Colleague: 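Provided herewith is a single structure, encoded as structure tokens, for subsequent inquiry.
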Number of protein chains: 2
Amino acid sequence: MASMNDIARRAGVSIATVSRVLNNSGSVNEATRARILKAIKDLKYQPSRVAKRLRSKSVSSNLLGVLIPDIQNPFYVDVLRGIEDIAYTNNYAIIMCNYSQDEKKEKLYLEILQSEAIDGLIAAPANEQDVQLKKMVREGLPVVCVDRGLQDEDVDIVVVDNREGAFKAVEHLIKLGRRRIAYISGLQTIPSSRYREKGYLDALSSYQIPVVPELIKHGDSKYEGGLVLCEELLNLPEPPDAVFTGNNLITLGALESIHKHQLRIPDDIAIVGFDDMIWSSSLNPSLTAVRQPAYDIGQRACELLLQRISEPGRACIKMILKTELIVRRST
Amino acid sequence: MASMNDIARRAGVSIATVSRVLNNSGSVNEATRARILKAIKDLKYQPSRVAKRLRSKSVSSNLLGVLIPDIQNPFYVDVLRGIEDIAYTNNYAIIMCNYSQDEKKEKLYLEILQSEAIDGLIAAPANEQDVQLKKMVREGLPVVCVDRGLQDEDVDIVVVDNREGAFKAVEHLIKLGRRRIAYISGLQTIPSSRYREKGYLDALSSYQIPVVPELIKHGDSKYEGGLVLCEELLNLPEPPDAVFTGNNLITLGALESIHKHQLRIPDDIAIVGFDDMIWSSSLNPSLTAVRQPAYDIGQRACELLLQRISEPGRACIKMILKTELIVRRST
DNA sequence: TTTTATAATGAAAACGTTATCATGAAATCC
DNA sequence: GGATTTCATGATAACGTTTTCATTATAAAA
């Protein structure tokens, strides 16, 4: 690969001048510029992003980091797509790290991202008091949190109103006459899981429905978790007549379990899930779900990040997007 | 962030010695080593991957590129997970580029990857004669292709037997008595689409079933494509009694369309899709599908890549994995 | 004409590594 | 006891950029 040096030599100038035309900074004679431009074309010169990155923190190397908990979850895929679309149109590349809900892996990836000298980071940390991430924020790395925040740390954040979304879902079930409503939660370390639980509890109490502890299950935010926890619920002496699931993978696991038990949805048991998916209407039966604007979350987050990169001093923004209850045949 | 220089200063040695203990190369006095190690710990030193990368192509900078056509497709997500797991255990980070089936975007990403000085690349190129990718291969970048190859270029490749997979799917439909079997294809520029079509045609001819051109639809490998093309099929004066869909997004689109028409599956129309998904059994009805070992594909590909990086000269390997027909209720 | 801007360019430092060479001291060999 | 090897270390070039400073030549101002 041709370097600036090659260009300089071929055009008979110094690399300084080449740099000047490359970044059109400073003034350079038209003839020289033309000569350099030609050399660049001839040698198919491509600047080394690595060298750029090394050279100066000040100049943007156009690389963003994205740290997500679970690439298998379509929600994060959509967030990622949103991020990526904005990044792409602004000429940023992204280095994507999926820590699979493994905090050790998360730590390693944060180290790597730091050592790759990224310009900024969009992260959904494993938990709210992630010391390493906090440190990076404090050291001045532009960071935007998505889906979950960072306790006691002033940082841009894009989330949805999880409590309200859950409330609407459960309220919907109640209004349909359901009384034994179960909740299958994701990881309790994740704030959104707790907010969703809060929404669930608030809805029950709003309608004076007693909370039955054995109807609340805490799992791991994954398909298998949804499967086994729903299994437990269905094996209860007095099984629930409705279940509210904490995220889309849990929902799919729960569906699997209900089908295994040959129960009719919604006759025997109703189900409403957090997170809508493109194929939710093709599920058996089509799924009532709380839709998060995942793609938007990604876009907003990336916009905020680019803003912060160009204006590091600006005040932090906490963006709370709305959820939407989409009623289909499962309730 | 502390640099080697800071360490050297604090330990009262030169950076050369620091480098030596860091890479334990050369010999260094035990006492000095201890002093340096302490300094490293004290200053929380982290090597700059960027500087490493810049310094020498020879030493591995532990960064891989992954170029995929469509992150929305769960198949590629699984491939990605396979890649990532192997990369992670071998201490590689990955820079993930999703070109969304947009060749312009693909080109840009290839440039970026090159200029990021990655150690190797796993790619599913938009088409088999991708000149840019070919050039990169020829220039010595270790590359492994997944899901699709590169024409006239000797390169490692991991694919499944698409023709056979499609054949089995269609044969299954035929054996169930279906005769008007439609095929909704993905992008024809993608080899796998063509191989799947070949399998479809081979199966028909094996059982002396005439090919009906209007039952073969070519689309864009996306959800919307599946939706509108299936729509067209169902609006035919003589609609099909079965449909074989070319990938998972197409399948979901087709399902949506069939449901819209209020047709019963499989009574009115049977459907079998290429690509199984974790929630395929939760679809309405549970879906008969050709399963690709996506996660394995990713793992194998990454293993091949790491091999090639450490041994650039070794002969190219073409790995063809088996598909599996999973029969459920949609047929 | 002398001074002063301005335009056009180059030299060189810096970023954080790795790797080569050089140097001195201690240890081993014959 | 001189020659040679081994150990321990440092200086420095190189990777490919950006940026600061210096230098010349020319144009404008006095």
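Only a predicted model underlies this, so the values are computations on that prediction, with no experimental measurement involved. Chain letters run A, B, ... following the sequence lines, proteins first and then strands; every chain starts at 1.
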Colleague: Just N and O in the side chain of B:S19: are any of them under 4.0 Å from OP1 or OP2 of C:dT18?
Modeller: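 So the side-chain polar atoms of B:S19 do come within 4.0 Å of the phosphate oxygens OP1 or OP2 of C:dT18, strictly under.
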Colleague: Please report the distance, rounded to the nearest Å, between CE in B:M4 and P in D:dT12.
Modeller: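 Computing the B:M4:CE to D:dT12:P distance gives 16 Å.
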Colleague: When the distance from CD of B:E116 to P of D:dG16 is rounded to whole Å, what number comes out?
Modeller: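 My rounded result for the distance is 15 Å.
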Colleague: With rounding to the nearest 0.5 angstrom, report the CG to NZ distance, B:L110 to B:K135.
Modeller: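 Here the interatomic distance stands at 10.5 Å.
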Colleague: Give one of base, sugar-phosphate or nothing for A:N5, where a contact means two heavy atoms less than 4.0 Å apart.
Modeller: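 Nothing, no nucleic acid heavy atom in range.
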Colleague: Measure the distance from CG on B:L54 to C1' on D:dT18 and round it to the nearest whole Å.
Modeller: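 It works out to 13 Å between those atoms.
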Colleague: If only side-chain N and O atoms count, and only distance matters, is there a donor-acceptor pair under 3.5 Å linking A:N23 with A:S25?
Modeller: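 Note: A:S25 and A:N23 side chains miss the donor-acceptor criterion.
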Colleague: Rounding to an integer number of Å, can you tell me how far A:I40 CD1 sits from D:dG16 P?
Modeller: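 So the CD1-P distance, A:I40 to D:dG16, works out to 16 Å.
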Colleague: Roughly how many Å is it from CZ in A:R49 to P in D:dG16, rounded to a whole number?
Modeller: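 Interatomic distance, CZ of A:R49 to P of D:dG16: 17 Å.
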Colleague: At 4.0 Å (heavy atoms only), tell me whether A:S3 reaches a base, stays on the sugar-phosphate, or touches nothing.
Modeller: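 Sugar-phosphate: the residue A:S3, judged by heavy atoms under 4.0 Å, touches backbone atoms but no base.
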Colleague: Of the options D:dT17, D:dC15, C:dT17, whose atoms approach the side-chain atoms of A:A51 most closely?
Modeller: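 From the listed options, D:dT17 comes nearest.
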Colleague: For B:R9 and D:dG10, what is the distance between atoms CZ and P respectively, to the nearest whole Å?
Modeller: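 Roughly 14 Å, once rounded to whole Å.
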Colleague: Go through the steps for A:D85 and A:Y295 under the test side-chain hydrogen bond (donor to acceptor under 3.5 Å, both in side chains), then give the verdict.
Modeller: CA-CA 10 Å; A:D85 281 353; A:Y295 182 81; 2.4 Å; yes
Colleague: For residues A:E139 and A:Q114, is any side-chain donor paired with an opposing acceptor at under 3.5 Å?
Modeller: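 Yes, a side-chain donor-acceptor pair sits under 3.5 Å.
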Colleague: Between the side chains of A:N98 and A:Y76, does any donor sit under 3.5 Å from an acceptor?
Modeller: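 No pair is found: no donor N or O on one side chain lies under 3.5 Å from an acceptor on the other.
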Colleague: Atom pairs, N/O to N/O, protein against nucleotides 6-10 of chain C, distance under 3.5 Å?
Modeller:
from, atom 1, to, atom 2, distance (Å)
C:dT9, OP1, A:T32, OG1, 2.7
C:dT9, OP2, A:N29, N, 2.8
C:dT9, OP2, A:T32, OG1, 3.2
C:dG10, OP2, A:S14, N, 2.7
C:dG10, OP2, A:S14, OG, 3.1
C:dG10, OP2, A:T17, OG1, 2.8
C:dG10, N7, A:R20, NH2, 2.9

Colleague: Rounded to the nearest 0.5 Å, what separation is found between the CD1 atom of B:I95 and the CG atom of B:L121?
Modeller: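 One finds 10.5 Å between CD1 of B:I95 and CG of B:L121.
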Colleague: In this structure, how many angstroms lie between the P atom of C:dC15 and the CE atom of B:M1, rounded?
Modeller: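 Result: 13 Å.
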Colleague: State, to 0.1 Å, how close A:K134 and A:E128 come at their nearest heavy-atom pair, and which atoms those are.
Modeller: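 Result for this residue pair: CE-O, 3.9 Å.
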Colleague: Roughly how many Å is it from CD in A:Q46 to P in D:dT17, rounded to a whole number?
Modeller: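 Whole-Å distance recorded here is 10 Å.
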Colleague: For the base of C:dT17, is there a side-chain donor-acceptor partner from B:R55 under 3.5 Å away?
Modeller: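 For B:R55, whose side chain was compared with the base of C:dT17, there is no donor-acceptor pair (under 3.5 Å).
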